[in-house]
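Below is one structure; the comments refer to it alone.
In what follows, every heavy atom counts, from backbone to side chain, and hydrogens, waters and symmetry copies are set aside.
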Amino acid sequence: TYNMNVDPFYTRWLYSVRDNQGDDGSYANYIPVVGFPPHGAEDGGGAMGWMEAGVIVPWQMYQQYGDVRILEQHYASMVAYMDYLERRAVRYVQPFGGFGDWLAIEPTNSMLTNTAYSAYDALIMEQVAKRLGKDADQRRFRTFYENVKRSFNDLFVNEEGRTFAPTVESIFGKDSQVGMWPGTAATEAKIVDTQTSYVVPLQFDLFNEKNKPLAIRHLVENIKKHNYTLTTGFIGTPYLNLVLSDNGYDDVAYKLFEQTAYPSWLYPVLQGATTIWERWNSYTLVNGFGPVDMNSFNHYSYGAIEEWMIAYTLGIQRDEEQPAYKHIILQPRIGGTFSFIRGHYDSAYGRIESGWQIQKKGYIYEATIPANTTATLYLPAKSEKSVRMEKGQEGITLVGLKDGKAVYRLRSGKYLALHRVRGQISNLKPGLHRVCGQISNLKPGLHRVRGQISNLKLGLHRVRGRILEKCDASHPV
């Protein structure tokens, strides 16, 4: 949706999603499944994270374009899918199986990620039911989410806040046949501790108050342990930088974004990529082509980093209470080694522009807010006085300073803000005082030196006088 208007395409595509939905409420892993409607999930269960398109896409469509009809048309299908998830869960845990964190450098237990996705489905459905005025359903999905969250913290997190995988048998019983490739179900409980195992539940707000700060810390430690490279696959990668920036680690997000070592977003570029590849190493200059049986060179999945680029480097974010960017949230995160970043998004109301440029003593920020919309702007600042509006003053209302950011309300129009780092001058003052003090301390010494020099002069005069007296005595006129 950031690159083109896909509203007509996805509206039509969702007809195929409903046509292919299984009688049990499940969705197929890819759609359309030609010649087999209603198809639904594969035998043994579908791939969660893929089936979720039937819930995530209509919600995203509504948020980006603001047309509630997409939710009305698809609601019964979404509810049928939630019924399917509830029926197959045990203790609110989804079965092992599916594709899992596909093509990840470090695999993550799929019971963990599947369960996390079921919670995300419930969160979305709670909001959809709210928009459609279905109060009983709204309460139902909130309760389902809370039960999944409680079970997740009990079963998938250990006392140290590290992600943990119980055995399939301990949840589903000895004769469970649920599961799909890749891999086999875990036969013993073990620590998971992968980037994806923290990123996905953090994105879906699954860790409780005790475990969340621990999970964030373990995630950052894991990234640093891997020298700021990714170990995530199709499920973890889209949310990685979003989670880092949401939790105060913009610096780590930028390091990952600018990383060129394998695996990273820029590594394929150095191997000649001009599109997003399916694998981190679909082709390398040293080894040539990757596995030819499955090696797409035009594959969107890892391109999901664009959401972070728009939402954080540019800072263009939506307000979910006012969809289609009726109210815009602007909170650019200035960082990395970039000297400037600028870009735009063509919303249903018009073009939203945002950009910043580093200067010697601060930065310049520019924004354009389209007609019939408003925005809230958050600019990094140590004080309200450090930011001066150079353009658009008539459309600005200063709200105040919050968490190290100057907050403004903006009406439609063009804006330019100039930020000066006054703190650098203030930080010099103590040093200047120390230097002045040192100079003052030198003054008494200088006076003593001057006195000694004066005393030397007197001594020299006396010596000179004696020499002259002797000369006169030896050579009388």
Does S110 reach the main-chain N or O of G97 with its side chain, forming a donor-acceptor pair under 3.5 Å?
yes

Please walk me through it: do K212 and D246 pass salt bridge (Lys or Arg N to Asp or Glu O under 4.0 Å)?
CA-CA 13 Å; K212 183 176 180 178; D246 279 340; over 6 Å; no

Between W59 and Y62, how do the two ring planes meet: parallel, tilted or perpendicular, split at 30° and 60°?
tilted

Counting neighbours of CZ on R409 that are heavy atoms of other residues, nucleotides or ligands and sit closer than 6.0 Å, is the number greater than 12?
no

Give me the atom names and distance for the closest heavy-atom approach of L206 to A116.
CD1-CA, 3.5 Å

Is it the case that more than 12 heavy atoms not belonging to Y10 sit under 6.0 Å from its OH atom?
no

Within the supplied structure, the quantity of interest is the number of heavy atoms (other residues, nucleotides, ligands) at a distance under 6.0 Å from K391 NZ; does it exceed 12?
no

How about T108 and S197: does a side-chain donor come under 3.5 Å of a side-chain acceptor?
no

Should the heavy atoms of other residues, nucleotides or ligands under 6.0 Å from CZ of R279 be counted, would the total exceed 12?
yes

Please say whether more than 12 non-hydrogen atoms of neighbouring residues, nucleotides or ligands are located less than 6.0 Å from OH in Y15.
no

Could you tell me which non-hydrogen atom of S170 sits nearest to which non-hydrogen atom of T167, and how far apart they are?
OG-O, 2.7 Å

Less than 6.0 angstrom separating the ring centers of Y283 and F289, yes or no?
yes

Would you tell me whether T194 and E106 have side-chain atoms, one donor and one acceptor, within less than 3.5 Å of each other?
no

N158 side chain vs F164 backbone, donor-acceptor pair below 3.5 Å:
no

Tell me whether E366 contacts the main-chain N or O of K414 through its side chain, where contact means a donor paired with an acceptor under 3.5 Å.
no

May I ask you to check whether over 12 heavy atoms, not counting those of F340, lie within 6.0 Å of atom CZ?
no

Minimum heavy-atom separation for Y365 to S354, with atom names?
OH-OG, 2.8 Å

Over 12 non-hydrogen atoms of neighbours within 6.0 angstrom of CE in M294:
yes

Side chains of E258 and T337: do they bring a donor and an acceptor to under 3.5 Å?
yes

Checking Y302, Y267, F234, Y262 against W280 for ring-ring contact (aromatic ring centres under 6.0 Å, His included), the one that qualifies is Y302

Have S26 and D24 got a donor and an acceptor in their side chains that come within less than 3.5 Å?
yes

Within 45° cone of Y84 ring axis and under 6.0 Å: R87 NZ or CZ:
no

Mind jotting down which residue pairs meet the ring pair (Phe, Tyr, Trp, His ring centres under 6.0 Å) criterion with at least one end in residues 191-225? Sequence neighbours excluded, please.
Y117-F204, Y120-F204, F152-F207, Y198-H218, F204-Y239

If you compare all heavy atoms of V243 against all heavy atoms of V199, which two are closest, and at what distance to 0.1 Å?
CG2-O, 3.6 Å

For S296 and E278, does a side-chain donor sit closer than 3.5 Å to a side-chain acceptor?
no

Pairing residues for N247 by the side-chain hydrogen bond (donor to acceptor under 3.5 Å, both in side chains) criterion, not counting sequence neighbours:
none

Side chains of Y65 and D7: is there a donor and an acceptor less than 3.5 Å apart?
no

When the aromatic ring centroids of Y325 and Y345 are compared, is their separation below 6.0 Å?
yes

Check L123, I124, V128 against E126 for a side-chain contact (heavy atoms from CB on, under 4.5 Å) and give me the one that passes.
L123

Does a donor on one side chain and an acceptor on the other come within less than 3.5 Å for Q331 and Y312?
no

For the residue pair Q259 / S264, report whether a side-chain donor-acceptor contact shorter than 3.5 Å exists.
no

Short side-chain donor-acceptor distance under 3.5 Å, R142 and Q138:
no

